[in-house]
Amino acid sequence: MVNKNYILPINCCFSEITGDVYSKTAIFIHLHYLETLDKYLGYIAHVSSTIQIYISTSEDVIIEELKQHIMKTKKKHIVIIKKNNRGRDVSALLVTFRKYVQKYDYICFVHDKKERDKTVSGDVNLWVRNLWENTLCTQSYVDNILNTFIENPRLGLLVPPEPIGKAFGITERNNWYGNYKNTQRLLEMLNINYLIDENVSPIALGTVFWCRVDSLKILFSKNWKYEDFPEEPLKEDGTISHAIERSFPYIAESNGYETGIVMTQTYADYYIHFLKNYVFSTFSILKKQFGINSYAALSEFESRKIRIEKFLKENKEVYLYGAGNIGRQCCLALRLQGLQPKGFIVSTDVEYRTFMGLPVLQLYTIKDKERIGIIITVSPVLQEEIIQNIIKVGITNYICYYE
């Protein structure tokens, strides 16, 4: 699956939208929470009056607020539709809006969101920013999205990046949760022969996207009904709605289209800084707890752990040659496995006699050299010198921590 990143400006356009592109474009919005309505009306205000907007809601009070907004702003390109609350935003897309969606070439679908737990409100608000800013930030941004579709005829779907925040995992998370099998069943029901991988996390989350309608025609052509969706209260996971949320890229690809991840330049800047801080904090903990201080050390950690563990089990007395950062890293890795070296060896005299609670010995003081094993825990550039030193004193049983 091809997942390109599209980082688009918000204050200038790549090129002017020409022809009848606007008339072939529509924005579909589902709203449910009155208390956050003003926030979303701010995004809606950015959209050109030449692009049709459809808004669904099951709440009468929101309908009245929207009518007042339309009267006040004289926005005649907004259509309000009352819907059944069953199925929430997903049924809004596939049932309420279905007959309208198929009239257009390009559509955007977005909806409001509210936290269930106040302790994660900051993260949810950041996710809302992610979903709405990266779809409807400004009219120039919308134009750039449309131009991106026009310039890339095989592009079928653009989705915001996955959510970030303290309560959300990032790259280490698999976003299937309990939805791999029900997504597989959904694709089979739609007669889509696409092999999804449970070990590869889906990229479409939140049911917010821009698409070329043709790329999802299999989904839109099905005669969905409200009864196809669970009654309220909706379970947190494992429903057909959660499967549909993850299915969009697979449906697009099965129809010959690619999926891209889209974000504004402003959000991309925030996203990169967040990831940098996240990685820095992660490696600070890994270094302190396990001696892992780089991506290379992390990627080789498992294979090195197996090799070192095997060496310790084959030798009753094992010393680490080098009482520095690499020695510390090796010792922490061993202790993680419930293993312990006898001590550290150094070439020259040092002021300290213990390191990490273990004795520090000079090479020439080692006895019974034929009975011990040594793990060389120094920089690769110094390994050859250390190897020559230990061979000179009669030690031949050794391995290097860094091969």
Side-chain angles (χ1 to χ4, degrees), residues 1-15 17 21-22 24-30 43-44 46-48 51-54 89-90 92-94 97 101-102 104-111 113 127-164 175 194 201-220 244-272:
M1 180 176 290
V2 178
N3 301 319
K4 296 180 180 177
N5 291 308
Y6 296 88
I7 300 175
L8 306 178
I10 63 175
N11 295 320
C12 61
C13 299
F14 292 141
S15 59
I17 297 293
V21 175
Y22 285 154
K24 294 179 180 179
T25 301
I27 295 169
F28 294 88
I29 300 170
H30 177 66
Y43 285 102
I44 294 169
H46 298 154
V47 180
S48 167
I51 297 178
Q52 187 66 51
I53 296 177
Y54 298 86
D89 52 287
V90 180
L93 173 66
L94 299 179
F97 294 141
V101 165
Q102 298 181 84
Y104 297 95
D105 290 347
Y106 311 102
I107 68 160
C108 171
F109 180 68
V110 67
H111 60 90
K113 185 175 286 292
W127 193 4
V128 168
R129 175 192 168 188
N130 175 359
L131 298 176
W132 284 75
E133 177 179 319
N134 292 320
T135 50
L136 296 176
C137 187
T138 64
Q139 183 57 44
S140 293
Y141 182 71
V142 169
D143 288 348
N144 287 330
I145 286 178
L146 292 173
N147 276 317
T148 300
F149 279 113
I150 293 167
E151 294 167 5
N152 298 274
R154 299 320 303 165
L155 178 63
L157 186 71
L158 285 174
V159 298
E162 62 184 337
I164 56 176
N175 292 314
Y194 189 96
S201 184
I203 66 166
L205 295 173
T207 321
V208 170
F209 58 85
W210 274 91
C211 79
R212 193 187 303 270
V213 173
D214 186 60
S215 71
L216 299 180
K217 63 182 179 182
I218 298 172
L219 189 65
F220 293 137
I244 291 169
E245 173 187 5
R246 290 159 173 79
S247 71
F248 300 122
Y250 312 119
I251 295 171
E253 184 163 349
S254 72
N255 207 23
Y257 290 95
E258 298 174 354
T259 296
I261 296 172
V262 67
M263 63 187 96
T264 68
Q265 290 176 331
T266 304
Y267 190 84
D269 181 64
Y270 178 87
Y271 189 73
I272 290 169

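Worth knowing before you read on, the calculation uses all heavy atoms, side chains too, and leaves out hydrogens, waters and symmetry mates.
- The shortest non-hydrogen separation linking R246 to N175 is NE-O, 2.8 Å.
- Here OH of Y267 is found 4.0 Å from CD1 of I164. Values are rounded to the nearest 0.5 Å.
- Listed by first then second residue, pairs satisfying salt bridge (charged side-chain N to carboxylate O under 4.0 Å, His left out) with a partner in residues 144-157 number zero, not counting sequence neighbours.
- Sequence neighbours left out, the pairs with a member in residues 128-150 that pass salt bridge (charged side-chain N to carboxylate O under 4.0 Å, His left out) are R129-E133.
- At a threshold of 4.5 Å between non-hydrogen side-chain atoms, the residues Y54 and V101 do not count as touching.
- Shortest non-hydrogen contact noted between Y141 and N134 is OH-O, 2.9 Å.
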Walk me through it: do T25 and V21 pass the test side chain to side chain contact (heavy atoms under 4.5 Å, CB included)?
-> CA-CA 6 Å; T25 301; V21 175; 4.0 Å; yes
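- Between Q52 and I27 there is no side-chain heavy-atom pair separated by less than 4.5 Å.
- Between P249 and L157 the shortest heavy-atom distance is N-CD2, 3.6 Å.
- Distance CG/N11 to OG1/T138: 6.0 Å, rounded to 0.5 Å.
- Remark: Q265 CD to C12 SG distance equals 7.0 Å, nearest 0.5 Å.
- Considering all non-hydrogen atoms of both residues, Y104 and V213 come closest at O-CG2, 3.3 Å.
- In this structure, F109 has its ring center at least 6.0 angstrom away from the ring center of F28.
- In this structure a side-chain-to-backbone donor-acceptor pair under 3.5 Å is missing from H30 to H111.
- Atom OG of S247 and atom CG of L219 lie 5.5 Å apart (nearest 0.5 Å).
- Between W127 and V208 the shortest side-chain heavy-atom distance does not fall below 4.5 Å.
- No side-chain N or O of N255 forms a donor-acceptor pair with one of S215 less than 3.5 Å apart.
- Remark: L93 CG to F248 CZ distance equals 5.5 Å, nearest 0.5 Å.
- Checked by atom type, the side-chain pair Y6/N144 shows no donor-acceptor distance below 3.5 Å.
- Using a 4.5 Å heavy-atom threshold, the side chains of T207 and I244 count as separate.
- The shortest distance between side-chain heavy atoms of Y106 and I150 falls below 4.5 Å.
- For the atom pair L8 CG and L158 CG, the distance stands at 7.5 Å (nearest 0.5 Å).
- Listed here is the closest heavy atom pair of E162 and L205: CB-CD1, 4.3 Å.
- Here the closest heavy-atom approach between residue L155 and residue T259 is recorded as CD1-C, 4.3 Å.
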